[in-house]
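Encoded as structure tokens, the structure appears first; notes follow it.
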Protein chains: 2
Amino acid sequence: MQYDCITMQSITSEQRQNKQREKILAGAMRAFLTYGYAANMDTIAQEGGVAKQTVYTYFKDKESLFSALIDRLLDRFVTAGMGAELMAQEPPVFFRVLTQIALQRMDDPEYVGLIRVIIAESARFPELSETYLNRLVRPGVDSLAYYIRENPNLRFSDPEALARIIHGALVNFMISQEILNGKFMMPMSRERITASLLELILFAAEQAKQAR
Amino acid sequence: MQYDCITMQSITSEQRQNKQREKILAGAMRAFLTYGYAANMDTIAQEGGVAKQTVYTYFKDKESLFSALIDRLLDRFVTAGMGAELMAQEPPVFFRVLTQIALQRMDDPEYVGLIRVIIAESARFPELSETYLNRLVRPGVDSLAYYIRENPNLRFSDPEALARIIHGALVNFMISQEILNGKFMMPMSRERITASLLELILFAAEQAKQAR
DNA sequence: CGAAATCTAGACTATGCAGTATGATTGTAT
DNA sequence: ATACAATCATACTGCATAGTCTAGATTTCG
């Protein structure tokens, strides 16, 4: 009999099944995020430390496993609205923190891998990009647009379009630096991007205020 | 004997060989841009209207054909510096034209497909992203940075970083709208993006001028 | 303990696909 | 005309891999 290392109680069937599921998903993550959907099922089982047959008892087929993995990853990175404390900040702080949070994700290879796979496989699995846009992009852009619209110091004419511009600039910086190896070929520090973006937004905001 | 329809001269061996090459590359384009590197060689030959064996007489293997195709596509879309007449324009015109040119590429399925394939396969073929950055991104960003730096009305502190922000916003708009099907799920007109980007840059420029 | 369920390792099947071989056909050149 | 080169259609080889099967080991739990 196997014992849980903390409570020293025997592991129930359900607990063990969750554990197996986790092992499989962990293996799938390494494989899929490295090789894309082309990853092979033997490797996945091996990486998960589990027999191939076990993979198939928990997941119907490769596609199900893939979807389940992406779903779980999207959940992990879901933009949790935006903290109320952040939304209460004045623009200089708000945009600085926002930018830093967005750019910190570049350090997470699982996040970078997820974005690559979504772009790569969005032709084969359209529901992938659908979920990505709904769960990650839309909430982020919406919160940002809301902040811009509601803050009296930011009198921009089209908050939604502006939110997309800012969001796009940050996402594309990640794509070019991390996915396209730009960090070796065309390196640019996050600080410069952050500083320039702040300058751009805050100067424009100042001017917009004067203009009206 | 086959005759060229215009000159009525017999077709030379070299001419015919070029024609075959073109047919193969045309087939490869349709297949690779649709299915990525996973496209299969039978389909490619069929799409090109050519026997499979012929593909292999002109290209060593799948990888060579793939590289040749991407190279040719990158050449076609290479950012030809930027026209001198454009570089001579004042900021409002310059940025409006620049944005429109950049966003027009969204209409070209071959361009969109190329970008998707590059992102998708950059892990398997690192030289892909290398060529893309060197031939498409770098010249564009450099020209833009140069324009910003040299124009006395644009006194931004970091032209290079700003150039990347603008470039990134435009590229990411294309990715999210065309590759991730955002045009159906989160539609946004190019005009709004263009207008907002112009507002942002020109307002900020005005403020930067006053601040110094 | 002992029965039932689950897991493992590895063999096996079926399929798809890159690349090759062949033999017939067509077009080219002398 | 005839020899030659390229092309075509098609069959074939070899390999990778998704998914299944089996027999034996391990775990769960009454």
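Lettering of chains follows the sequences in order, A, B, ..., and the numbering in each one begins at 1. This is a predicted model, so every value here is computed, not measured. Quick note: numbers below take in every heavy atom, side chains included, and nothing from hydrogens, waters or symmetry partners.
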| task | Classify the side chain of B/Lys52 versus the base of C/dG19 as yes if they form a donor-acceptor pair under 3.5 Å and no if they do not. | result | yes

| note | Here the distance between atom C1' of D/dC15 and atom NZ of B/Lys62, to the nearest Å, is 14 Å

| request: Please state how far atom OH in B/Tyr56 lies from atom C1' in C/dT22, giving the value in whole angstrom units. | output: 17 Å

| note | Against the side chain of A/Gln20, the closest entry in C/dA18, C/dT8, D/dA18 is C/dT8

| note | Between CD of A/Gln46 and C1' of C/dT8 the distance, given in whole Å, is 13 Å

| request: Examine C/dT6: is either OP1 or OP2 under 4.0 Å from a nitrogen or oxygen in the side chain of A/Tyr58? Give yes or no. | output: no

| Checking A/Arg105 against A/Tyr111: charged group under 6.0 Å from the ring centre and within 45 degrees of the axis? | yes

| field | Protein-nucleotide distance (A/Glu63, atom CD; D/dG19, atom C1'), rounded to Å | value | 14 Å

| field | Spacing of A/Met41 atom CE relative to C/dC12 atom P, expressed in whole Å | value | 21 Å

| query | With distance as the sole criterion, is a donor-acceptor pair present between the side chains of A/Asp61 and A/Ser64 under 3.5 Å? | reply | yes

| B/Gln53 side chain N/O closer than 4.0 Å to the phosphate oxygens (OP1, OP2) of C/dG19? | no

| message | So if I take every side-chain heavy atom of B/Asn40 and compare against C/dC17, C/dT20, D/dG19, which nucleotide ends up nearest? | response | C/dC17

| message | At 4.0 Å (heavy atoms only), tell me whether B/Ala39 reaches a base, stays on the sugar-phosphate, or touches nothing. | response | sugar-phosphate

| query | Hey, what do you get for CG (A/Asn181) to OG (A/Ser176), rounding to the nearest 0.5 Å? | reply | 10.5 Å

| task | Give a yes-or-no answer on whether the side chains of B/Tyr146 and B/Asp142 include a donor-acceptor pair shorter than 3.5 Å. | result | no

| request: Check whether any side-chain nitrogen or oxygen of B/Thr54 sits under 4.0 Å from OP1 or OP2 of D/dT7, and answer yes or no. | output: no

| field | Distance, rounded to the nearest Å, where B/Ile44 contributes CD1 and C/dA18 contributes P | value | 7 Å

| said: Whole angstroms only, please: what is the CG-P distance between B/Asp61 and C/dA18? | reply: 11 Å

| Polar side-chain atom of B/Thr54 near backbone of B/Val50 as donor-acceptor pair, under 3.5 Å | no

| query | Could you state the NZ-C1' distance from A/Lys19 to D/dT26, rounded to the nearest angstrom? | reply | 14 Å

